[in-house]
Amino acid sequence: MKRSSLFRHLAVSAMAAGPAGGFLFGVLNAGDPDPNPIGRFFYSCIMAVKTPLHAGFPPNDTAGAGQTFNLWPHITVSFLLIFGWLVYRDWKASKRQGQPAA
């Protein structure tokens, strides 16, 4: 793999990890205890926007001193998954190019 493509994969993964981590958090920890899939999806979309804006620590919906969320573990997992998928896809494409056509 070329160094430039590796840096490109790192940059894309770093940019996409914040919203993806917020979305993952929203799916796993929805604010409403009701298992409503449409509500979870919308809450996940809201957290995907709020997470990068608040640097991984989105505010709680309730007023006053409440529980603060640390989304950096979700962001890290999202970064690793996105980066791994991009490297795997690049590896498969380079492997496919090296094989002769049948």
Side-chain angles (χ1 to χ4, degrees):
M1 179 183 315
K2 295 180 191 176
R3 180 176 285 175
S4 62
S5 65
L6 182 65
F7 286 137
R8 183 179 61 233
H9 294 331
L10 283 171
V12 168
S13 299
M15 287 188 285
F23 189 84
L24 180 66
F25 174 76
V27 168
L28 297 177
N29 301 342
D32 189 13
D34 182 26
N36 179 6
I38 296 171
R40 279 187 183 261
F41 175 76
F42 283 117
Y43 183 72
S44 300
C45 292
I46 291 169
M47 293 307 288
V49 172
K50 285 175 96 175
T51 298
L53 293 176
H54 294 279
F57 298 97
N60 196 4
D61 292 335
T62 60
Q67 173 186 0
T68 59
F69 297 115
N70 181 2
L71 270 57
W72 281 102
H74 294 85
I75 293 171
T76 304
V77 168
S78 298
F79 173 81
L80 292 174
L81 287 173
I82 294 167
F83 181 70
W85 177 74
L86 289 172
V87 168
Y88 175 75
R89 188 183 65 138
D90 193 22
W91 174 72
K92 288 293 269 188
S94 66
K95 187 177 175 184
R96 196 175 316 127
Q97 286 177 352
Q99 294 178 351

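Everything quoted here is computed from the prediction, not taken from an experiment. Excluded from the calculations below are hydrogen atoms, water molecules and symmetry mates; all remaining heavy atoms, backbone and side chain alike, are included.
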For Val49, the rest of its hydrophobic cluster, which grows through side-chain links under 4.5 angstrom: Leu53
Kindly write out the residues that satisfy side chain to side chain contact (heavy atoms under 4.5 Å, CB included) with Ser13, not counting sequence neighbours, or none if the list is empty. Phe79, Ile82, Phe83, Leu86
Trp85: partners by side chain to side chain contact (heavy atoms under 4.5 Å, CB included), with sequence neighbours left out: Arg89
Between the side chain of Ser44 and the main-chain N/O of Val27, is any donor-acceptor distance below 3.5 Å? yes
Would the distance check show the side chain of Trp72 and the main-chain N or O of Phe57 forming a donor-acceptor pair, the cut-off being under 3.5 Å? no
Quick one: closest heavy-atom pair of Ser78 and Ala17, and the distance? CB-O, 3.9 Å
Between atom CZ of Arg40 and atom CE of Met47, what is the distance when rounded to the nearest 0.5 Å? 13.0 Å
When you compare the side chain of His74 with that of Leu28, does any pair of heavy atoms fall below 4.5 Å? yes
One should read off an interatomic distance between Thr51 OG1 and Phe23 CZ, to the nearest 0.5 angstrom, of 11.5 Å
Minimum heavy-atom distance Ala16-Pro19, with the two atoms named: O-CD, 3.6 Å
Which residues share a side chain to side chain contact (heavy atoms under 4.5 Å, CB included) with Phe42, sequence neighbours left out: Ile38
Applying a strict under-4.5 Å side-chain criterion to I, L, V, M, F, W and Y, I'd like to know whether Leu10 and Leu81 cluster together. no
When every non-hydrogen atom of Gly22 is compared with those of Leu71, the smallest separation belongs to CA-CD2, 4.0 Å
For Pro52 and Gly18 the tightest heavy-atom approach is CG-C, 4.0 Å
Rounded at 0.5 Å granularity, tell me how far NZ in Lys50 sits from OH in Tyr43. 7.0 Å
Cluster question for you: counting only ILVMFWY and a side-chain heavy-atom cut-off of under 4.5 Å, with indirect links fine, are Val87 and Leu80 together? yes
